Amino acid sequence: MARLTGTTAVGKLKHTQRYENRRLISKQTNNLRIRALASLQLVLAAALTESAAAQPLSVSTEAIEIQFAPRTPNQMMSFYEARGFPKEMLNILRKECFITVRIHNKSREIIWHDLANWRFSHDDKPLKREHRDYWLQKWHSMQIPLASISTFRWTLLPETLDYLPDEEEGGNIILPRVNGPIELSATFASGDDQRGPIITITHDRLNCAEDTE
Amino acid sequence: MKFAQYLLLAMMTQWLVANIHAGPIEPPKGIRHYEIGPAPGFTLVDIDGDRFTLDAFRGRWVFLHFWASWCGPCREEMPTIQRMSESFSDDEFAVLLVNTAEDEDTIFSFLAEIDTDLKSLMDADGQVTEKFRPRGLPTTILIDPQGLVQYQAIGGREWHQAQYTDFLQALIDHQ
């Protein structure tokens, strides 16, 4: 790579001794981490398989496929804690309901995603999803470090996105935690000028995942 | 007189054809035009504490890649970026990796784990990444030798594959 060789220099990267020493130490500690991660992945895979077998959380039309993966509080806390999120942030997020969403545009047209066109409900009452700006403002007002805010932001499903043909993107949505099924109805515009057929999807068995222990 | 008119017509046609071909190069699947104007400038440090300024790479195409250790596709994509980077001369093509909002140890462990020689700049608070408004992580932004953002690649891909290296080579040849 014309890699990182200084602000003006050009040429191959020359690793410093410090870099090489850290590299060796890192490799040793990584072996341990990989083993621990492998065990964790097995547990998670088993849990997810069990949950997936219980209820297929995906919806598909000719044009679009959406997968939903409800996350337990422990899963989310492990993720954010490992990234150094402050305790006050974790305490708030622990109470919320996280669902990881993956959207795949299977069509040959652009599909326009806009979370404003998603309606969640529970027990026949609307379930309000907070906009990402709500969270960002909250973190800023709490003076949460910018790095944590940035990582948090990147883990959210974008509010709007034009999905190109075959594009697949995802992220988390955050809902108030409720017991029992959550219904979703969402619409997507399609076509270059958003004047193509409206795509509608519904799902009536989303849920908030609970910790099993 | 008529010959002069034909000659003029032929010259105009030739000019039109030449200019049509001089337009932006069509990218392969997964890479889209992303013409947001001049790339926002930045100065970041790498894991050795050395400082890098984007402006220093003016005059070459820049492959600016944003990543994070928690993003699955980043892990798969990184070795392919290294293989791709070996196909190009440093003088014509700069590969810059920018980690988004993670600490030095996390970055180091990740790079060691995937056994790459690539080094990464550290966007410690994530604010440089924000300036480029990528659609998600990983994202690669291609900046032309004049410093203008031209393309964005979304999600992970196998950068060493011919469809991508041919495209990047075409960009370099076209400059």
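Scope of the values below: all heavy atoms of this structure, side chains included, with no hydrogens, waters or symmetry mates. Sequence lines set the chain letters: A, B, ... in the order given, protein chains first and strands last, and positions in each chain run from 1. Just so we're clear, the structure is a prediction, and the values are computed from it rather than from any experiment.
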*Asks:* With rounding to the nearest 0.5 angstrom, report the OG1 to CZ distance, B:T106 to A:R83.
*Replies:*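 Result: 7.5 Å between the selected atoms.
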*Asks:* For the atom pair CD1 (B:I154) and CG (A:L164), what is the distance rounded to the nearest 0.5 Å?
*Replies:*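 Here the interatomic distance stands at 5.5 Å.
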*Asks:* Should B:T100 and A:S150 count as side-chain neighbours, where that means a heavy-atom distance under 4.5 Å?
*Replies:*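 Yes, at least one pair of side-chain atoms sits under 4.5 Å.
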*Asks:* Below 4.5 Å from any heavy atom of chain B, which atoms of A:P158 appear? Answer side chain, backbone, both or neither.
*Replies:*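 Contact with chain B involves the side chain of A:P158 alone.
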*Asks:* Report yes if the side chains of A:D162 and B:R135 come closer than 4.5 Å at any heavy-atom pair, otherwise no.
*Replies:*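 Of all side-chain heavy-atom pairs linking B:R135 with A:D162, at least one is under 4.5 Å.
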*Asks:* Within a 6.0 Å radius of atom CZ on B:R83, are there more than 12 heavy atoms belonging to other residues, nucleotides or ligands?
*Replies:*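 Atom CZ in B:R83 is not crowded, with 12 or fewer foreign heavy atoms closer than 6.0 Å.
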*Asks:* At a heavy-atom distance under 4.5 Å, which candidate from B:Q127, B:E102, B:M84, B:E92 has the highest pair count against chain A?
*Replies:*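 So the answer, after comparing B:Q127, B:E102, B:M84, B:E92, is B:Q127.
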*Asks:* Are side-chain heavy atoms of B:K29 and A:P165 found at a separation under 4.5 Å?
*Replies:*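 No, every pair of side-chain atoms sits at 4.5 Å or beyond.
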*Asks:* Among B:A68, B:G126, B:P73, B:P134, which has the most heavy-atom pairs under 4.5 Å with chain A?
*Replies:*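 Most heavy-atom pairs under 4.5 Å with chain A: B:P134.
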